[in-house]
Amino acid sequence: MTTSAVAQRPRARAALRHRLAERGVDRTLLLILPGALAVLALFCYPFLYGLQLSFQPAKGGVLGAYRAFFSDPFARKSIWATFSLAIPASLINVGASVPISYRMRREFRGKRLLLAILVVPITLGTVLTAEGILEFYGPAGWFNRTLHWLGLADSPVHLTMNYTGVLLSLIISGFPFSYLLTHSYLSGIHPNLEKAAATLGAGWWQRFRYVTFPLLLPGLMTTFCLSFVMAFAVFPSALMVGDPDGKTHVISIEVYQAALERFDYVQGCADAMIMTVLMLAVLAAVTGLRARLYSGATGGKG
């Protein structure tokens, strides 16, 4: 082998590394390896194992477990119960976060205190939130005591152990995430865009309706998706402040009862797969609609 050929090898390797680096393939790519292994071990493998297990029922053929779910009227109702909680809770959280985030963009006295109050439910968790709802909104809680003291109600208002209690829990625990996401999207819209509209005579509602809201809408749809995923997997609230044998018998409870009460792991996996498909269908519909909206630059500040 000639000396020139030997000398060309390092240069060829250097050129290859340079071309790979331009495509984002370099040593820093190894930093994602721990995360990728964690995803494979904690999500991909359990999911694939549960998927193949759902097609191995003791009777009824390959799709026997799925047919068993849809042939049971009580199990089928869990689909409606889940959607009737997840969609309203997500819409309320996203809708309420918009005016509050819009106002919180400006500096005012007490802003930090108000921000702390808005996000403090993140530190509580769903179980502690459910306990608080039982103590405050229960028949003997402070809410009903106050109504009775003011003479506004002769008998307790039932806000727990029913649909209302679970919805309240989902709103309290989910709103901070919706607010933080919405606030971050609003912060990415440059204030000069509204100022330019104001110089053309647009009022605050016209500026919001025709400038801010169209730029914010894709972010709101992403926020809805994340809020929906959190609410769709409702479990502790449905058990603690809901009616798990009635109107708040959601799919997650159906999965739990099949797998850990009846010890029918095949049926539990099939129910979980149905839950996953329904959730992904909503996410696909929302993200598909989002792709049709404006997704260009918003003049962000950072």
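Any value given below was found using the heavy atoms of this structure, including those in side chains, with hydrogens, waters and symmetry copies removed.
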Under a side-chain separation threshold of 4.5 Å, the hydrophobic residues clustered together with Leu42 are none
### side-chain contact (heavy atoms from CB on, under 4.5 Å) between Thr164 and Tyr137, intermediate numbers included
CA-CA 10 Å; Thr164 305; Tyr137 292 106; over 6 Å; no
Quick check: does any side chain N or O of [X] sit under 3.5 Å from a backbone N or O of [Y], one acting as donor and the other as acceptor?
| X | Y | answer |
| --- | --- | --- |
| Glu261 | Ala258 | no |
| Asn162 | Gly165 | yes |
| Thr126 | Pro236 | no |
| Arg105 | Ser187 | no |
| Asn93 | Ala89 | yes |

Measuring from [X]:[atom1] to [Y]:[atom2], what's the distance to the nearest 0.5 Å?
| X | Y | atom1 | atom2 | result |
| --- | --- | --- | --- | --- |
| Ser169 | Ile133 | OG | CD1 | 4.0 Å |
| Tyr102 | Leu216 | OH | CG | 10.5 Å |
| Leu115 | Ile100 | CG | CD1 | 11.0 Å |
| Phe69 | Ile274 | CZ | CD1 | 4.5 Å |
| Thr223 | Leu217 | OG1 | CG | 10.5 Å |
| Ile253 | Thr248 | CD1 | OG1 | 5.5 Å |

Q. Can you check side-chain contact (heavy atoms from CB on, under 4.5 Å) on Met275 and Phe232, steps first, answer last?
A. CA-CA 9 Å; Met275 179 178 177; Phe232 196 79; 3.5 Å; yes
- Message: Is there a side-chain contact (heavy atoms from CB on, under 4.5 Å) between Leu278 and Ile251? Walk through the geometry before answering.
- Response: CA-CA 10 Å; Leu278 293 174; Ile251 303 180; 3.8 Å; yes
Quick check: is [Y] connected to [X] through a chain of hydrophobic side chains (ILVMFWY, heavy atoms under 4.5 Å apart)?
| X | Y | answer |
| --- | --- | --- |
| Leu51 | Leu280 | yes |
| Phe136 | Ile172 | yes |
| Leu91 | Val166 | no |
| Leu128 | Phe175 | no |
| Leu220 | Leu118 | no |

For Pro139 and Asn144, the nearest pair of non-hydrogen atoms, with its separation, is O-CB, 3.6 Å
Ring pair (Phe, Tyr, Trp, His ring centres under 6.0 Å) with His249: of Tyr163, Tyr256, Phe74, Trp80, only one passes, and it is Phe74
Among residues at least two apart in sequence or on other chains, which ones pass side chain to side chain contact (heavy atoms under 4.5 Å, CB included) with [X]?
| X | result |
| --- | --- |
| Ala198 | Arg207 |
| Ser101 | Ser97, Tyr179, Thr182, His183, Leu186 |
| Asn192 | His190, Lys195 |

### Task
Determine whether more than 12 heavy atoms belonging to other residues, nucleotides or ligands lie under 6.0 Å from atom CD of Gln56.
yes
Could you tell me if Ser173 and Thr129 have a donor-acceptor pair between their side chains, going purely by distance under 3.5 Å?
no
Q: Check step by step if side-chain contact (heavy atoms from CB on, under 4.5 Å) holds for Val282 and Phe83.
A: CA-CA 10 Å; Val282 174; Phe83 278 112; 3.4 Å; yes
With sequence neighbours left out, the residues meeting salt bridge (Lys or Arg N to Asp or Glu O under 4.0 Å) with Lys111 are Glu107
For Tyr265, the ring-ring contact (aromatic ring centres under 6.0 Å, His included) test, sequence neighbours excluded, returns none
The side chain to side chain contact (heavy atoms under 4.5 Å, CB included) partner of Val250 among Leu239, Val234, Val255, Ile79 is Val234
